[in-house]
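Here the structure comes first, spelled out in structure tokens, and everything after it is commentary.
Naming: A, B, ... by sequence-line order, numbering from 1 per chain.
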Amino acid sequence: MSKKLRVRFAPSPTGALHIGGVRTALYNYLLAHKLGGTFILRIEDTDQTRFVEGAENYILDSLKWLGIMPDEGIGVGGPHEPYRQSERKELYKVYADELINSGKAYYAFDTSEELDAMRAIYESKGSAFQYNALTRVKLKNSLSMSEQEISDLIASGMPYVIRLKVPAKAEIRFQDSIRDWVHVHTSSIDDKVLMKSDGMPTYHLANVVDDHIMEITHVIRGEEWLPSAPLHILLYQAFGWQPPQFAHLPLLLKPEGNGKLSKRDADLGGFPVFPLEWKDPQTGTISKGFKQEGYLPSAMINFLAFLGWNPGTEQELFSLDELISAFSLERINKAGAKFDVNKAKWFNEQYLKLQDVSTLAVQYLPDLPKKEAESFVHLFLDRITFPQELGEKVKEFTELPTIYEEAVVLNKWNEESQKGLQVLKESLPDLELWEADSIKSFIHVKLEEAGIKMGKVMQMLRVALSGNGAGPDLMISMELWGKEQVLLRLTHAIDAFNKR
RNA sequence: GGUCCGUUCGUCUAGGGGUUAGGACACGUCCCUUUCACGGAUGAAACACGGGUUCGAUUCCCGUACGGACUACCA
């Protein structure tokens, strides 16, 4: 009998949640729901210096917006409360002491300055300093000092950290769901700090302890954690615990050039990297959010799911439920994926077209009569990427044109089109039924009577009425403008063209 | 520098010892539409390089190159 699947998303509240973190959360959510497991949200706030006010709520709001809320943890509670590591501080101390007592960890009294100095010396010799089996005997710690010295130091209030005593010669190996076997020799791992001098655990300790206590079965996290995974394995071994199954996700890379996606790329490329708009409480700087830009949650989910994973079929559009049933860790890619905002836009267009017309009308054109608003939605829906463009389109549509597309006027304003517009200006007032189809046949008839080819006039008519050479269906547009408005626009335009 | 991870069209990717190397985005052309957009069709576009193994390698192995991550009392 295998244990019930439990996964966790464990961000730090150091600012807005990055889109890569959102994808990590998504994959955790998908796996949990696929296998009937539990998706846990834990906050890793062991670095008090980097804590940012509001970040935790931001994370929750983001997950809520996307519809991938946790089943347990921050915001929902559960059997392992608290889910905020800063509130579990005492717990980690117990486990660190256990390691001290079993000889798997030791106290170290070196100051940051001393260590920095060591690093500088090594660097000047062209090598890198490591706090490990080779160097620890020469440094200030409980392995190099007598028991008396140690207890005196601790009693005197000398700050200390607790470090893991990494074995000198051992091969660490573990099987990653995405990368298969990963081997690392302990000689390349240093004696990482487990407890900081402020009494807080480091990520490594807190993470392993919590994952064990919370009975996490699968750790799905970003590839940036791959190098420290062997250390975590060592920690599990030191405690005598069974490590969870690891899956290290490929990174999200910047769209152009090299490197991982950063906020700077977003500013440069004019797209967001955060799910929601974020105002930095310290600097007051506001960063764009996908939500505010007009991305739909369904589009974001679909887009993000496909950045590093695919179902192996040719289906591209997946609802969250479809993703849940199609998802598997085995189909996650190894290589990093460049973030392509064009693809994100395409997904948004696809999902926008699937939206309910009357809902869009109410939401984005609230000042218009419902029926009219819905007509506008129909008119513009497949010409926009973001729903809020609806308002801009309608505004542009409703305003009288003041400039006329020059290239078209230059090409198409001639004797024949002039005569055609004149004919329409004079005859259109007679049209009783002001509706797209009848407008169309009326124009057809009137022009034919005057011996003018429709094709010679239509584009000029469009420019005359809208100012643009291209746009939505002209007959429907005329219906929406109304007879009076059309005649007004026509008169204005003919005057303007004649003055040229 | 060291350690680890990776590399199929511009981008996201499918595939996998013998394939016309497939799809999607973006781009071009055509059709639809008296415009544009949508939609449809179509085109251009890829196995990083060098060695093995093999009858045969893009696929397996090894190197090289390139890219990435990590290398804090940050996560």
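- Taking atom CG of residue Asp190(A) and atom C1' of nucleotide rG2(B), one finds them 11 Å apart after rounding to whole Å.
- Here the separation of rC47(B) from rA21(B), taken at their P atoms, is 12 Å to the nearest Å.
- Nucleotides rU35(B) and rC12(B) have their C1' atoms positioned 33 Å apart, rounded to a whole Å.
- Look at rA14(B): it lacks any Watson-Crick or wobble partner with both distances under 3.5 angstrom.
- Between Thr186(A) and Glu171(A), the side chains place no donor N or O within less than 3.5 Å of an acceptor N or O (distance only, hydrogens not considered).
- Using modelled atom types and a 3.5 Å distance limit, the side chains of Glu44(A) and Ser12(A) yield no donor-acceptor pair.
- Between Lys192(A) and rA75(B) there is no side-chain polar atom (N or O) within less than 4.0 angstrom of OP1 or OP2.
- A donor-acceptor pair shorter than 3.5 Å cannot be found between the side chains of Asn468(A) and Ser466(A).
- With both pairing distances under 3.5 Å, rC30(B) is matched to rG40(B) as a Watson-Crick or G-U wobble pair.
- Look at Thr46(A) and you'll find a side-chain N or O under 4.0 angstrom from OP1 or OP2 of rA75(B).
- Proximity of Lys260(A) to the phosphate of rC70(B): a side-chain N or O atom is located under 4.0 Å from OP1 or OP2.
- Remark: Arg163(A) is in phosphate contact with rC73(B), judged by side-chain N or O atoms under 4.0 Å from OP1 or OP2.
- Using a 4.0 Å heavy-atom criterion, one finds that Tyr203(A) contacts the bases of the nucleic acid, with or without backbone contacts as well.
- Residue Ala335(A) is the one, among Gly455(A) and Ala335(A), whose nearest nucleotide of RNA chain B lies closer to the 5' end (criterion: closest heavy atom).
- Among the heavy atoms of the strands, none lies under 4.0 Å from His185(A).
- Rounded to whole angstrom, the span from the CG atom of Asn333(A) across to the P atom of rA69(B) amounts to 18 Å.
- Rounded to whole Å, the separation between the C1' atoms of rA14(B) and rU58(B) comes to 14 Å.
- No side-chain donor-acceptor contact under 3.5 Å links Asn141(A) and Tyr160(A).
- At the heavy-atom level, Arg462(A) lies under 4.0 Å from base atoms of the strands shown.
- Nucleic acid contact for Asp110(A): base, since at least one base atom lies under 4.0 Å from a heavy atom of the residue.
- No engagement by Lys125(A) is indicated, since no non-hydrogen atom pair under 4.0 Å with the nucleic acid exists.
- Between Lys353(A) and rG39(B) there is a side-chain polar atom (N or O) within less than 4.0 angstrom of OP1 or OP2.
- Spacing between rA44(B) and rC30(B) at atom P, rounded to whole Å, works out to 16 Å.
- The nucleotide rA46(B) finds no pairing partner, because no Watson-Crick or G-U wobble arrangement with both distances shorter than 3.5 Å includes it.
- Residue-level contact check: Ala128(A) touches the bases, meaning some heavy atom is under 4.0 Å from a base atom.
- Here rU13(B) presents its C1' atom at 11 Å from CZ of Phe347(A), a figure rounded to the nearest Å.
- Checking the phosphate oxygens (OP1, OP2) of rG15(B), a side-chain nitrogen or oxygen of Arg331(A) falls inside 4.0 Å.
- Protein atom CG of Leu226(A) is 16 Å distant from nucleotide atom C1' of rA75(B), rounded to whole Å.
- For the P atoms, the distance from rU13(B) to rG6(B) is 15 Å, rounded to whole Å.
- Spacing between atom CG of Leu253(A) and atom P of rC12(B) amounts to 8 Å, rounded to whole angstrom units.
- Salt bridge status for Asp437(A) with Lys440(A): absent, with no side-chain N to carboxylate O gap under 4.0 Å.
- In terms of phosphate contacts, Asn310(A) brings no side-chain nitrogen or oxygen within less than 4.0 Å of OP1 or OP2 of rU13(B).
- In this structure, rG67(B) and rC5(B) make a Watson-Crick or G-U wobble pair, each of the two defining distances being under 3.5 angstrom.
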Each nucleotide N or O in nucleotides 23-32 of chain B that has a protein N or O under 3.5 Å away: list the pair and distance.
from: rG23(B); atom 1: O4'; to: Glu314(A); atom 2: OE2; distance (Å): 3.2
from: rA24(B); atom 1: O4'; to: Glu316(A); atom 2: OE2; distance (Å): 2.9
from: rA24(B); atom 1: O2'; to: Lys343(A); atom 2: NZ; distance (Å): 3.4
from: rA24(B); atom 1: N3; to: Lys343(A); atom 2: NZ; distance (Å): 2.7
from: rC25(B); atom 1: OP1; to: Trp346(A); atom 2: NE1; distance (Å): 3.3

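- For the pair Arg173(A) and Trp181(A), the cation-pi criterion (under 6.0 Å, within 45° of the ring axis) is fulfilled.
- The gap from the C1' atom of rA75(B) to that of rU71(B) amounts to 15 Å, rounded to the nearest Å.
- A side-chain hydrogen bond (donor to acceptor under 3.5 Å, both in side chains) with His248(A) is found for exactly one of Glu224(A), Lys334(A), Arg221(A), namely Arg221(A).
- Note on Lys192(A) versus Asp190(A): salt bridge recorded, some NZ/NE/NH1/NH2 to OD/OE distance being below 4.0 Å.
- Between Arg119(A) and rC73(B) there is a side-chain N or O to OP1 or OP2 distance below 4.0 Å.
- Taking atom P in both rG10(B) and rC49(B), one finds a spacing of 13 Å when rounded to whole Å.
- Comparing rA45(B) with rC31(B), their P atoms sit 23 Å apart, to the nearest whole Å.
- For Ser177(A) (side chain) and Ala247(A) (main-chain N/O), no donor-acceptor pair under 3.5 Å exists by modelled atom type.
- Comparing Gly308(A) and Ile178(A), the nucleotide of RNA chain B nearest to each residue sits closer to the 5' end for Ile178(A).
- Note that Arg42(A) lies outside the cation-pi zone of Phe9(A), set by a 6.0 Å cut-off to the ring centre and a 45° limit from the axis.
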